[in-house]
**Q** 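The structure under discussion is supplied below as structure tokens; questions concerning it will follow.
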Amino acid sequence: MNGPPSGSIDPTIGTTANTQPSGQDPTAGGGEAALPEWARGELSRARDEAAHRRIELRELKDQLAGMANPDEAQAAIQIAHDRLAETEQQLTCERLGRKYHLPDTLVARIQGEDDDAMENDAKALSELAPTTAGRPPRPDRLQGGGDPAPLSPAERFAQLIQTRLR
């Protein structure tokens, strides 16, 4: 993974706190190489946006450290922290949507206070989502998978003769 480490900024100490449980790979379950091109693009876009927000938060903290009014500085830090949290929540929704094969309309509906609650919600939504894997494809009539063509009178006569000769 070339992107920044997953985590969130703790405004009280200004360090990155890892949000992934230890021993779990965020790309477990097939890896990024198994994803379709559009999913890799979305994942890359979400990671880039999260990294941009972390950098923006760091720059704002540096700028606000020299401000005269600490209340203004704290308010600006809080706004930046809220934007970062929102971006990380969107990234988590995208990851869960991909994991549970949810359509984009349901990915936006994933809710929860923490990662476990969001995962439970994604599981519940995946049970409600229609799946295409459970339905076998219909036969293509051009490939002979449908009803056989009706027999001509000559073919019916030949079939009758063959059955009587047996």
Side-chain angles (χ1 to χ4, degrees), residues 1-67 69-140 145:
M1 237 183 336
N2 295 337
S6 64
S8 60
I9 304 295
D10 185 352
T12 58
I13 58 175
T15 61
T16 303
N18 192 1
T19 59
Q20 292 291 337
S22 61
Q24 288 187 358
D25 182 24
T27 59
E32 285 184 40
L35 296 176
E37 184 63 34
W38 65 267
R40 283 184 273 171
E42 285 295 316
L43 184 61
S44 175
R45 182 194 55 77
R47 284 182 178 157
D48 290 344
E49 185 176 344
H52 175 71
R53 299 287 182 167
R54 281 191 286 274
I55 291 169
E56 183 179 331
L57 178 63
R58 220 175 292 126
E59 289 172 354
L60 283 174
K61 280 185 177 184
D62 292 342
Q63 287 177 358
L64 297 175
M67 287 187 128
N69 188 350
D71 292 334
E72 286 179 18
Q74 187 61 32
I77 289 173
Q78 187 61 39
I79 290 170
H81 184 268
D82 292 344
R83 280 193 276 172
L84 176 63
E86 180 182 333
T87 302
E88 287 180 348
Q89 184 176 14
Q90 289 173 350
L91 180 63
T92 301
C93 288
E94 291 290 330
R95 179 182 56 84
L96 291 171
R98 187 183 76 240
K99 180 177 179 181
Y100 291 105
H101 308 288
L102 294 174
D104 292 340
T105 55
L106 291 179
V107 169
R109 296 181 180 260
I110 296 175
Q111 299 176 352
E113 292 296 320
D114 58 0
D115 287 348
D116 292 333
M118 290 175 76
E119 183 146 4
N120 290 335
D121 191 34
K123 283 179 188 176
L125 287 172
S126 70
E127 292 173 6
L128 299 174
T131 60
T132 57
R135 194 174 335 146
R138 293 184 178 180
D140 185 4

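Fair warning: this is a prediction, and the values are worked out from it, not measured in the lab.
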**Q** State which residue, out of Arg54, Glu56, Lys61, fulfils the side chain to side chain contact (heavy atoms under 4.5 Å, CB included) condition with Arg58.
**A**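 Going through Arg54, Glu56, Lys61 one by one, the side chain to side chain contact (heavy atoms under 4.5 Å, CB included) with Arg58 is satisfied by Arg54 alone.
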**Q** Taking the side chain from Thr87 and the backbone from Arg83, do they hold a donor-acceptor pair closer than 3.5 Å?
**A**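 Yes, because the side chain of Thr87 sits within donor-acceptor range (under 3.5 Å) of the backbone of Arg83.
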**Q** So, taking the atom named CZ in Arg45 and the one named CZ in Arg47, what distance separates them when rounded to the nearest 0.5 Å?
**A**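 Arg45 atom CZ to Arg47 atom CZ measures 12.5 Å (nearest 0.5 Å).
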**Q** Quick check on side chain to side chain contact (heavy atoms under 4.5 Å, CB included): which of Asn120, Thr92, Leu125 does Ile110 satisfy it with?
**A**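 Of the listed options, the one satisfying the test is Leu125.
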**Q** Between CD of Gln89 and CD of Glu94, what distance do you get to the nearest 0.5 Å?
**A**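 CD of Glu94 is found 12.0 Å from CD of Gln89.
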**Q** For Leu57 and Ala80, work out which heavy atoms get closest and say how close.
**A**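 Looks like CD1-CB, 3.3 Å.
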**Q** How long is the gap from CD on Glu86 to CZ on Arg53, to the nearest 0.5 Å?
**A**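 These two atoms lie 7.0 Å from each other.
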**Q** I need the minimum non-hydrogen distance between Gly112 and Ala117, along with the two atoms involved.
**A**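 Here Gly112 and Ala117 meet closest at CA-CB, 3.9 Å.
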**Q** State, with a plain yes or no, whether a side-chain heavy atom of Leu96 is found less than 4.5 Å away from one of Val107.
**A**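 They are not in side-chain contact.
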**Q** To the nearest 0.5 Å, how far apart are CZ in Arg109 and SG in Cys93?
**A**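 Rounded to the nearest 0.5 Å, the CZ-SG separation comes out at 12.5 Å.
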**Q** How many angstroms lie between atom CZ of Arg95 and atom CZ of Arg98, to the nearest 0.5 angstrom?
**A**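 If we round to the nearest 0.5 Å, Arg95:CZ and Arg98:CZ are 8.0 Å apart.
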**Q** Calculate, to the nearest 0.5 Å, the distance between atoms CG and CD1 belonging to Leu84 and Ile55 respectively.
**A**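 Taking CG in Leu84 and CD1 in Ile55, the distance rounds to 11.5 Å.
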**Q** Output yes when a side-chain donor or acceptor of Ser126 lies under 3.5 Å from a complementary backbone atom of Lys123, and no otherwise.
**A**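 Side chain of Ser126 to backbone of Lys123, a donor-acceptor pair under 3.5 Å: yes, one is there.
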**Q** Check Leu102 against Ala122 and note the closest heavy-atom contact, atom names and distance.
**A**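 Heavy-atom minimum between the residues: CD1-O, 4.1 Å.
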